[in-house]
Amino acid sequence: MSDLVQLTKDNDIAIITVNNPPVNALSPGVPEGISEAIEQIDKDPTVKAAVLMGAGKTFVAGADIKEFGKITSGKTERGIAFVPLLKRIEDCSKPVVMAIHGTAFGGGLELAMAGHYRVAAPTAQVGQPEVKLGIIPGAAGTQRLPRLAGVAKAVEMCADGNPIKAKEALSLGIVDKLIDGDLLTGAVAFAREVAGKPARKTRERNEKLGTPEQNAAIFAAARDAARKKARGLMAPLAAIDAVEAATKLPFDQGVEAERKLFTECLFSDQSKAMIHVFFGEREVAKVPDVPKETPIIPVNSAAVIGAGTMGGGIAMVFANAGIPVLLREADQAALDRGLNTIRKNYDNSVKKGRFTQQYMDERMALIKPTLSYDGFESVDMVVEAVFEGMALKKQVFGDLDKICKKGAILASNTSTLSIDEIASATSRPGSVIGTHFFSPANVMRLLEIVRGKATSKEVIATCMQLSKKLGKVGVLVGNCRGFVGNRMFGPYRREAQFLVEEGAGIEAVDKAMYDFGMAMGPLAVGDLAGLDVGWRIRKEFKHLEKPGVRQPLAEDRLCEMGRYGQKTGAGWYKYDENRRAILDPVVEENIRKWAAEAGVKQHAILKEEIVDRLIYALVNEGARILAEGFALRAVDIDIIYLTGYGFPAHRGGPMWYADTVGLKKVYDRISEFHKQHGELWEPAPLLKRLAEEGKSFAGFIKEPSAAA
Ligand code: T1G
């Protein structure tokens with residue numbers, strides 16, 4: 001027996017234990033070990049039944065995702081060879097009881113469904129999350145799940161990819177019994193009860209496969225939903241097709257249909273991108289010069305200064321993580337407004353059934369409003385979220401330096417100002433860091449963690465780990481203006497304005513990017529965030545603009561007209577009472593006028609130019625950021641754009657997308673723009689070099705500039 005799979009016995013009950021940390025993935029050696037154990041059990045007359053479970057924190061959590069890259073790149077012949085193994089388990093002459101704890105996901109659930117019975121810890125979850133990797137279940141999951149849970153639930157689980165809890169799995173018939181107390185003891189007792197009794201093979205259980213009429217409605221509704229929720233994605237539709245095959249074909253043919261659909265998805269660009277994202281979200285937590293064993297500062301209490309949109313959202317983030325948080329404002333009215341907004345946000349979630357009233361009350365109780373600094377002397381961390389002005393921020397940090405205990409983390413939520421300059425207002429720059437949340441802070445997953453020149457490794461390691469506890473994806477960035485996300489977003493929105501001024505329609509620009517997969521078009525995003533935000537920053541940094549270099553003028557003019565976007569009912573678009581965007585002829589006329597005044601010749605612009613100019617504006621700035629060391633890796637930039645800016649996961653992120661297009665092609669296209677539009681399109685030197693060397697962004701790594 002391989003050390004990945006152990007076979008032991010509790011008298012007449014065999015126990016197969018999968019031991020492949022950290023998640024008992026079905027890596028090479030695991031299926032082989034299970035198969036060997038089943039053969040031994042089948043032959044051993046003293047064994048009456050068997051239990052299969054995972055060692056450590058979970059049951060089998062799926063195939064080894066690292067193997068997929070080897071399959072699609074031809075490095076390994078091995079496919080997903082679990083189907084025969086699962087049938088062999090079903091054909092075992094003794095009943096096999098699957099004992100589930102943690103997460104039986106993907107191949108893990110498929111393995112469990114090949115058992116004759118399933119028992120689970122009440123805290124266990126089961127799911128087929130494959131579509132989140134751009135694939136579908138590849139080991140008969142789409143064929144067995146409808147047989148256990150019925151067609152409607154199977155379609156939902158395979159097309160959405162969301163897990164369900166053990167209690168629901170029991171009610172559906174995926175699990176046969178919940179085991180309170182020790183799972184193994186309970187599973188062995190259950191196995192003894194079923195030993196010697198006839199056990200049904202899941203693949204032969206057809207009573208839940210429904211009728212053609214019922215199923216037609218289920219599949220039609222599922223396809224509609226997938227086309228809306230998973231715009232442009234192939235895997236959810238493939239998963240629905242595979243489950244439909246289970247209702248129309250005998251088991252083996254259904255498995256063959258699933259295999260074809262699985263293979264198509266596995267070799268698709270979408271899946272390669274989404275697997276890149278899966279590992280990328282974990283890679284960004286690794287900071288080369290901050291080792292894993294760096295001591296962590298305990299953060300059991302926090303404080304937020306400023307109860308505006310951001311401050312209120314940040315206070316919710318701490319409360320949602322169970323961390324008591326002081327919320328300080330300068331005056332009562334502002335504090336009341338802030339708390340009312342927080343209460344409204346929670347109320348909405350309770351109304352939508354996202355969580356209970358009790359959960360809301362417990363979270364609200366963790367947020368303590370205050371007008372003073374009382375209590376700040378004992379908190380472990382403070383996040384400043386006051387008005388975006390350096391003078392005020394330095395004054396606040398000066399106060400905190402006098403009040404907060406030694407070792408407290410002093411963080412700023414600034415989105416553009418220098419962390420080093422803010423730190424200079426204190427006697428403890430090592431404790432100062434940027435924690436740039438994205439609005440709405442209690443929703444957006446991205447947290448840019450901004451490293452100052454003096455920020456200590458303990459503070460960095462603590463904030464990187466805390467981000468996961470706060471439900472965020474923490475990405476370490478350097479302290480340049482706009483850090484990484486906003487620094488790239490500048491050229492992206494600049495090009496959107498230029499395109500409109502040059503004659504591309506407002507809706508054409510937004511639609512081109514929406515169709516590319518962005519959650520919203522760049523102009524609509526401006527209206528959502530508020531055009532006045534960029535307007536104020538442009539005015540603050542006007543002195544840095546190069547004379548003679550064309551700058552976009554549309555949004556400054558719109559702001560001068562008082563059109564700030566949704567907040568004023570009009571910006572690029574007009575907004576009705578439901579905040580629905582309506583094209584406004586006034587803006588279109590003005591664009592033509594402003595372009596003429598600026599001597600900009602208008603012409604028709606094709607969709608691919610819109611996409612290329614917007615995406616390559618991101619890529620070109622991203623290449624500069626990489627070369628300057630303000631992002632650790634290209635994948636960090638990708639994850640920032642996926643979790644903070646609505647970039648489509650199935651395109652992998654701006655840098656991954658450029659690698660899939662090919663950097664030579666990207667460089668040539670940017671060189672064309674450089675000729676047409678001047679120095680704002682100067683190709684980034686790193687892009688030029690990698691293109692000439694036939695390389696990609698994926699392999700490029702440089703230390704953060706602040707560490708230099
Ligand atoms: N394969 C390889 N590595 C995996 C892995 C997997 N399935 N799951 C996790 N890891 C690594 C992860 O990269 C990280 O590595 C470490 O384990 C801890 O993960 C055949 C085709 C199970 C809920 O999609 O959802 O089965 O960074 O930080 O927060 O039809 O991991 O430490 O080096 O996420 O406790 C389907 C994916 C695969 C499950 C645990 N299964 N994993 O969360 O730990 S396709 C999945 C998760 C499939 C079948 C099809 C989560 C988790 P490192 P972690 P966690």
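Whatever order the structure lists ligands and atoms in, that order sets their numbers, starting from 1. Heavy atoms only: backbone and side chains are in, while hydrogens, waters and symmetry mates are out.
Those atoms of ligand 1 that come under 4.0 Å of a heavy atom in K286, given as number and element, are 27 (O), 33 (O), 53 (P). Annotation for ligand 1: atoms under 4.0 Å from non-hydrogen atoms of K468 are 28 (O), 29 (O). Which parts of ligand 1 touch F262 is read off a 4.0 Å heavy-atom cut-off, strictly below it: atoms 21 (C). The ligand atoms of ligand 1 that sit less than 4.0 angstrom from a heavy atom of E110 are 20 (C), 30 (O), 49 (C). Taking every non-hydrogen atom of G107 and a distance limit under 4.0 Å, the qualifying atoms of ligand 1 come out as 20 (C), 26 (O), 48 (C), 49 (C). Within the listing of ligand 1, atoms 21 (C), 45 (S) sit less than 4.0 angstrom from a heavy atom of F68. In summary, the atoms of ligand 1 found under 4.0 Å from a heavy atom of D64, numbered by their order in the structure, are 1 (N), 2 (C). Annotation for ligand 1: atoms under 4.0 Å from non-hydrogen atoms of F82 are 20 (C).
Ion pairing of R203 with E90 is present here, as a side-chain N (NZ or NE/NH1/NH2) and a carboxylate O approach within less than 4.0 Å. Between K272 and D659 there is no salt bridge, since no side-chain N of the basic residue sits under 4.0 Å from a carboxylate O of the acidic one. Between R200 and E207 there is a salt bridge, with a side-chain nitrogen of the basic residue lying less than 4.0 Å from a carboxylate oxygen of the acidic one. K70 and D64 are not joined by a salt bridge, as no carboxylate oxygen comes within less than 4.0 angstrom of a charged side-chain nitrogen. A salt bridge links E244 to K248: at least one charged side-chain nitrogen sits closer than 4.0 Å to a carboxylate oxygen. Salt bridge annotation for D160-K229: present, with a cationic side-chain nitrogen under 4.0 angstrom from a carboxylate oxygen. Salt-bridge formation is not detected for the pair R88/D91: no Lys NZ or Arg NE/NH1/NH2 atom is positioned less than 4.0 Å from an Asp or Glu carboxylate oxygen. Between E281 and K468 there is no salt bridge, since no side-chain N of the basic residue sits under 4.0 Å from a carboxylate O of the acidic one. With salt bridges taken as basic N to acidic carboxylate O contacts below 4.0 Å, none links D42 and K94.
Residue contacts with ligand 1 for A63 involve both N, CA, C or O and side-chain atoms from C-beta outward (heavy atoms, distance under 4.0 Å). Contacts of P129 with ligand 1, taken as heavy-atom pairs under 4.0 Å, involve the side chain alone. When heavy-atom distances to ligand 1 are checked against a 4.0 Å cut-off, K132 has no atom that comes that close, whether in backbone or side chain. Counting heavy atoms under 4.0 Å from ligand 1, residue K57 touches it through the side chain alone. Residue T58 does not touch ligand 1, judged by heavy-atom distances below 4.0 Å. At a 4.0 Å heavy-atom cut-off, ligand 1 touches V23 through the side chain alone.
Separation of the F278 and H276 ring centroids does not fall under the 6.0 Å cut-off.
Among residues two or more places apart in sequence or in another chain, the ring-ring contact (aromatic ring centres under 6.0 Å, His included) test is passed with Y117 by F190.
Of the polar atoms of F105, none of the N or O atoms is found under 3.5 Å from an N or O of ligand 1, judged by distance alone. Between F279 and ligand 1, no pair of N/O atoms sits closer than 3.5 Å. Any N or O atom pair closer than 3.5 Å counts here, and G138 shares at least one such pair with ligand 1.
Looking at A139, S27, P22 and measuring to atom 16 (C) of ligand 1, the nearest heavy atom belongs to P22. When A61, G62, G106, A25 are checked for heavy-atom proximity to atom 46 (C) of ligand 1, A61 turns out nearest.
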Under 3.5 Å, sequence neighbours excluded: what are the donor-acceptor pairs made by side chains of residues 168-178?
residue : atom : partner : partner atom : Å
E168    : OE2  : K153    : NZ           : 2.9
S171    : OG   : E168    : O            : 2.6
D176    : OD2  : R118    : N            : 2.8

